Structure formats: C-alpha cells, structure tokens
Amino acid sequence: MTFLSIQLSKGEIWYSAVDTNPLSLYIMHPFWNTVVKVFPTWLAPNLITFSGFLLVVFNFLLMAYFDPDFYASAPGHKHVPDWVWIVVGILNFVAYTLDGVDGKQARRTNSSTPLGELFDHGLDSWSCVYFVVTVYSIFGRGSSGVSVFVLYLLLWVVLFSFILSHWEKYNTGVLFLPWGYDISQVTISFVYIVTAIVGVEAWYEPFLFNFLYRDLFTAMIIGCAICVTLPMSLLNFFRSYRNNTLKHNSVYEALVPIFSPCLLFILSTAWILQSPSDILEIHPRVFYFMVGTAFANSTCQLIVCQMSSTRCPTLNWLLVPLFLVVMVINLGVASYIESVLLYTLTIVFTVAHIHYGVRVVKQLSSHFQIYPFSLRKPNSD
C-alpha cells in the first residue's frame with residue numbers, strides 16, 4: 001500500500017470553504033445552529049461525524065436485506081415494508097443533520113483540526129456509494145425502474161460531482177461546497193417518507209405526459225451535475241486562474257487528481273462490457289460497492305494532499321489488481337470464477353481503504369496530540 005507521509009505544522013494547514021447554496025444558508029444552517037446546542041460540549045465532533053456515517057451504512061445494509069437484487073419495487077414482486085422507508089428516511093435526514101452539525105461542534109468547542117476535515121470529507125466520499133445505491137431501491141429494476149447499468153452511470157455522475165469540489169480545492173485552495181448535496185439530501189429524505197405513504201406503485205405512473213418518475217430521477221442527477229456542479233466548478237477554477245491564485249500552473253499537475261478516478265471508470269466499465277457472465281446483472285450491489293470504495297480511497301488521498309500542500313499521486317495502487325482482473329476477464333473465465341474475483345477484489349479494496357484511513361488518522365492524531373473521538377489531549381490523562 002502507498003502511504004503518504006505527512007509533514008505538518010499547525011500553521012501550514014488551513015481550511016477554507018465557501019457555501020453559497022440558498023437552502024443551506026437560509027434554512028439548514030439556522031437549523032443546525034439550533035441542533036448543535038443540544039450536544040454537550042464534551043462530545044467530540046469526529047464522533048458526531050462517525051455516527052452519521054454509521055447511519056448511512058445502516059440504511060444501506062437494511063435496504064440490502066429487504067431488496068438484495070433491486071427488484072423489490074418492481075411490479076409483481078414483494079415490496080419493501082412501509083416502515084422500512086420511514087426508518088430509512090428519518091435516519092437519512094439525521095445523518096445529513098449530523099454531517100452539518102459536526103463542524104459547528106468543532107468551532108463551538110474550539111477543536112477544529114485537519115483530522116476533522118479528513119474525517120468529515122473522507123467519510124463523505126465513501127458515503128456517496130451508500131446514498132446512491134440505497135436510493136436506487138425506490139425505483140429498482142424491472143419495467144418501472146432503471147437498468148443496473150444506467151444506475152452504474154448515475155453513480156459515476158455523483159462520484160465525479162463529489163471529487164470535482166475537492167479537485168477545485170487542490171488547485172484553488174478553497175473548497176466550494178456543491179449545491180447538489182443539500183438539495184439531494186433533503187429531497188431524498190422526503191421521497192423516502194412519501195414512498196412509505198403512497199407506496200412504490202405511485203412511482204409507476206407518469207407524472208407528466210409519458211415522462212416517468214424514474215426518468216425524473218435520472219434527469220435530476222444528470223441535470224444537477226451538468227447544469228450546476230460542473231459550470232460552477234469551472235467558473236471557480238477560472239476565477240482563481242484570472243486572479244493568479246492557482247496552486248498548480250501546469251495543466252498536467254492541475255489534472256493529476258482526476259487520473260485515477262478516470263482510470264477506475266475505464267477499467268470498471270471495461271469489466272462490465274467484457275464480462276462473460278454479465279457480472280453487473282448478477283452482483284450489482286457488490287460491484288457498486290467495489291467501485292465506490294476504490295473511488296473513496298483515491299478521494300481520501302486527494303484530501304490528504306490538498307491539506308498538506310503535497311502532490312497528489314498520479315496512480316492509485318488499487319487500480320493495479322483491478323487492471324489484472326480485467327485482463328483475466330478478457331481472456332474468458334467461468335461465471336463462478338468471475339464472481340470470486342469480484343468478491344475478492346471488494347474485500348481487498350475495503351481492507352486497504354480502512355487500513356489507509358486508520359494509518360492517516362493515527363499520524364494526524366499523533367502530530368496534533370489529540371484523540372480522534374475525544375476532546376482530551378493524550379498528555380492530560
């Protein structure tokens with residue numbers, strides 16, 4: 001595993017973020033300012049962050065139990081119980097709230113550190129796959145849903161939208177928070193509750209002419225990325241270029257953080273297209289998770305580099321075993337062998353990503369003399 005050694009001093013790392021979303025500014029921030037007062041001042045912000053992440057994972061696992069193959073919402077299949085939609089909707093909003101409150105708790109307790117930034121955004125990068133895959137169960141597969149390949153492409157739209165904001169910070173030094181996140185989280189939570197009330201059958205009918213709700217779901221994700229996220233990112237990058245504040249003047253160096261995610265997309269797509277057993281149709285949930293975990297690892301490396309003002313690695317080593325698997329698949333293998341390869345690769349990616357996160361957290365904790373889940377200093381024991 002490639003581990004980036006971080007040489008930091010408190011004066012060298014700073015966190016600058018810009019949030020211009022009206023929903024966030026005028027509704028959510030006032031709400032979070034009220035909620036954060038409920039938490040005791042001894043509660044560590046990282047514990048709030050981690051709790052929110054665990055709720056997202058729980059939603060993913062809960063939906064995987066009731067809708068393992070994404071057919072539960074299709075006509076003629078056993079649907080997900082209404083109470084599950086209510087639980088998932090409430091927990092999704094609670095997780096979103098905790099994600100908005102953790103930073104306020106850090107400032108409230110004067111405990112803001114680079115570790116908190118890495119912990120927050122690092123877990124957010126892994127949450128992308130959990131959010132998207134869980135939402136997929138609303139429509140699912142079948143005649144009323146979307147295909148697993150279309151969802152795969154939509155997942156990538158979300159992943160690239162996420163990393164775009166961190167690519168901005170890598171080049172401009174400022175994290176411009178994307179509008180789509182707040183809008184999507186509020187909308188998703190609302191749709192979960194509505195699904196429990198009206199039933200999944202309500203999504204079968206067109207909402208306008210022959211335009212189905214599944215088409216609206218697809219259009220919103222793509223439209224938000226193309227019409228909002230991408231233009232704003234390019235505009236922010238151009239402004240930094242015009243003001244001569246870019247941290248990387250070379251086009252190559254500016255684009256380095258995008259290389260690994262793009263290669264991951266190429267390799268995973270090649271696997272799907274060359275798969276002798278149609279692996280995405282057989283194991284869609286596992287394949288999504290594998291891709292999302294590898295993406296999260298590349299994003300975390302980017303976050304560490306932007307925090308420490310170091311160069312982002314050109315290639316993520318996790319892509320090497322993926323490349324070898326794709327080469328083996330291209331030679332033709334039995335269905336069960338391909339499934340074994342997928343599960344093995346998923347386990348390797350998960351263990352490697354967790355290992356990388358633990359190593360970085362330990363190093364940051366040691367450097368700043370803090371406990372990740374406590375406000376106490378190690379020498380205060």
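Residue numbers run from 1 in the order of the sequence given. Computed over heavy atoms, backbone and side chain alike; hydrogens, waters and symmetry mates excluded. Since this is a predicted model, take the numbers as computed values, not measurements.
The heavy-atom pair separating S298 from S260 by the smallest distance is OG-CB, 3.8 Å. The two atoms that bring L118 and C300 nearest to each other are CD1-O, 4.3 Å, heavy atoms only. Closest non-hydrogen pair, Y204 versus A74, comes out as OH-C, 3.4 Å. When all heavy atoms of Y213 and A202 are compared, the closest pair comes out as CE1-O, 3.8 Å. Summarising the geometry of Y343 relative to H283, their closest heavy-atom pair is OH-ND1, 3.6 Å, with the distance given to 0.1 Å. Pairing each heavy atom of R214 with each of G142, the nearest pair is NH1-O, 4.3 Å.
A continuous path of hydrophobic side-chain contacts links V191 to I197 [ILVMFWY only; heavy atoms under 4.5 Å]. Criterion: ILVMFWY side-chain heavy atoms under 4.5 Å apart, direct or through other members. Under it, V36 and L47 are part of a common hydrophobic cluster. No single ILVMFWY cluster, assembled from side-chain heavy atoms under 4.5 Å apart, contains both I282 and M290. Residues I222 and F211 are members of one and the same hydrophobic cluster, defined by side-chain heavy-atom contacts under 4.5 angstrom among Ile, Leu, Val, Met, Phe, Trp and Tyr. Follow the hydrophobic side-chain contacts under 4.5 Å out from V286 and you reach V150 in the same cluster.
A centroid separation of less than 6.0 Å is found between the aromatic rings of W32 and Y96. Taking the ring centroids of F60 and Y65, they lie at or beyond the 6.0 Å cut-off.
Between V200 and I138, the closest side-chain pair of non-hydrogen atoms is not below 4.5 Å. Contact of the S275 side chain with the L280 side chain is not registered, since no non-hydrogen atoms from C-beta on lie closer than 4.5 Å. The shortest side-chain heavy-atom distance between F190 and Q185 does not fall under the 4.5 Å cut-off. Looking at L43 and Q105, their side chains come closer than 4.5 Å, going by heavy atoms from C-beta outward. At a threshold of 4.5 Å between non-hydrogen side-chain atoms, the residues V358 and I354 count as touching. Inter-residue side-chain proximity for F70 and F139 is flagged as unmet; no heavy-atom pair is nearer than 4.5 Å. At least one side-chain heavy atom of P284 sits less than 4.5 Å from a side-chain heavy atom of R141. Taking 4.5 Å as the limit, some side-chain heavy atom of F287 sits within range of a side-chain heavy atom of W271.
To the nearest 0.5 Å, atoms CG (L153) and OG (S147) are separated by 7.5 Å. Separating the CG atom in L98 from the CG atom in L54 is a distance of 10.5 Å, to the nearest 0.5 Å. A distance of 6.0 Å separates OH of Y192 from CE of M63, quoted to the nearest 0.5 Å. Atom OG1 of T41 is separated from atom CG of N110 by 12.0 Å, given to the nearest 0.5 angstrom. Distance CG/N171 to OH/Y241: 13.5 Å, rounded to 0.5 Å. Note that OG of S24 and CG of D182 are 4.5 Å apart. Values are rounded to the nearest 0.5 Å.
With sequence neighbours excluded, the residues that form a side chain to side chain contact (heavy atoms under 4.5 Å, CB included) with T269 are Y152, F265, L273. Residues meeting the side chain to side chain contact (heavy atoms under 4.5 Å, CB included) test with P206, sequence neighbours left out: L212.
S240 and T245 share a side-chain donor-acceptor pair at under 3.5 Å. Judged by distance alone, the side chains of Q306 and W167 never bring a donor and an acceptor atom under 3.5 Å apart. Of the N and O atoms on the side chains of H166 and T299, not one donor lies less than 3.5 Å from an acceptor on the other residue. Of the N and O atoms on the side chains of D99 and Y181, at least one donor lies less than 3.5 Å from an acceptor on the other residue. For the 3.5 Å distance criterion, the side chains of N46 and D102 fail to qualify, holding no donor opposite an acceptor. Remark: the T49 side chain and the D120 side chain contain no N/O donor-acceptor pair separated by less than 3.5 Å.
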request  = Any chance you could lay out the side-chain contact (heavy atoms from CB on, under 4.5 Å) test for I279 and S339, step after step, and finish with the verdict?
outcome  = CA-CA 7 Å; I279 192 68; S339 296; 4.1 Å; yes

request  = For the pair T229 and F160, evaluate side-chain contact (heavy atoms from CB on, under 4.5 Å) and give the outcome as yes or no after the intermediate values.
outcome  = CA-CA 10 Å; T229 304; F160 276 123; over 6 Å; no

query = What's the verdict on side-chain contact (heavy atoms from CB on, under 4.5 Å) for V129 and F295, showing C-alpha distance, side-chain angles and the deciding distance?
reply = CA-CA 9 Å; V129 65; F295 169 85; over 6 Å; no

request  = Just do the side chain to side chain donor-acceptor pair (under 3.5 Å) check on N297 and N316 with the steps written out, would you?
outcome  = CA-CA 8 Å; N297 188 261; N316 187 330; 3.0 Å; yes

task = Check the pair F289, F349 against side-chain contact (heavy atoms from CB on, under 4.5 Å), reporting the backbone distance first and the verdict last.
result = CA-CA 10 Å; F289 181 77; F349 282 6; over 6 Å; no

Side chain to side chain donor-acceptor pair (under 3.5 Å) between T195 and W203, worked out = CA-CA 8 Å; T195 301; W203 308 124; 3.1 Å; yes

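Taking a 6.0 Å sphere around NZ of K247, one finds it holds more than 12 heavy atoms contributed by other residues, nucleotides or ligands. Counting non-hydrogen atoms of other residues, nucleotides and ligands closer than 6.0 Å to CG of N243 gives a total above 12. Other residues, nucleotides and ligands contribute only 12 or fewer heavy atoms inside 6.0 Å of the CE atom of M220.
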Show every donor-acceptor pair shorter than 3.5 Å between a side-chain atom in residues 78-91 and any protein atom, with sequence neighbours excluded, or say none if there are none.
unit_1 : atom_1 : unit_2 : atom_2 : d
H79    : ND1    : A72    : O      : 2.6
H79    : ND1    : H77    : O      : 3.3
H79    : NE2    : E201   : OE2    : 3.0

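Between R239 and E168 there is no salt bridge, since no side-chain nitrogen of the basic residue lies less than 4.0 Å from a carboxylate oxygen of the acidic one.
Checked against V158 for a side chain to side chain contact (heavy atoms under 4.5 Å, CB included), the options V135, I221, I163 give a single hit: I221.
Between F50 and F119, the ring planes lie tilted relative to each other; the angle falls in the 30° to 60° range. The aromatic rings of F31 and F93 are tilted relative to each other, their planes meeting at an angle between 30° and 60°.
Judged purely by atom type and a 3.5 angstrom limit, R108 uses its side chain to pair as donor or acceptor with the backbone of F39. One N or O on the side chain of T34 and one on the backbone of P30 form a donor-acceptor pair closer than 3.5 Å.
Sorted by first and then second residue, the salt bridge (Lys or Arg N to Asp or Glu O under 4.0 Å) pairs with a member in residues 288-305 form an empty list; sequence neighbours excluded. For residues 123-137, the set of pairs meeting the side chain to side chain donor-acceptor pair (under 3.5 Å) definition, not counting sequence neighbours, comprises D67-S137, W126-T293.
Residues near V38 contribute nothing to a hydrophobic cluster around it, because no ILVMFWY side-chain heavy atom sits closer than 4.5 Å to its side chain.
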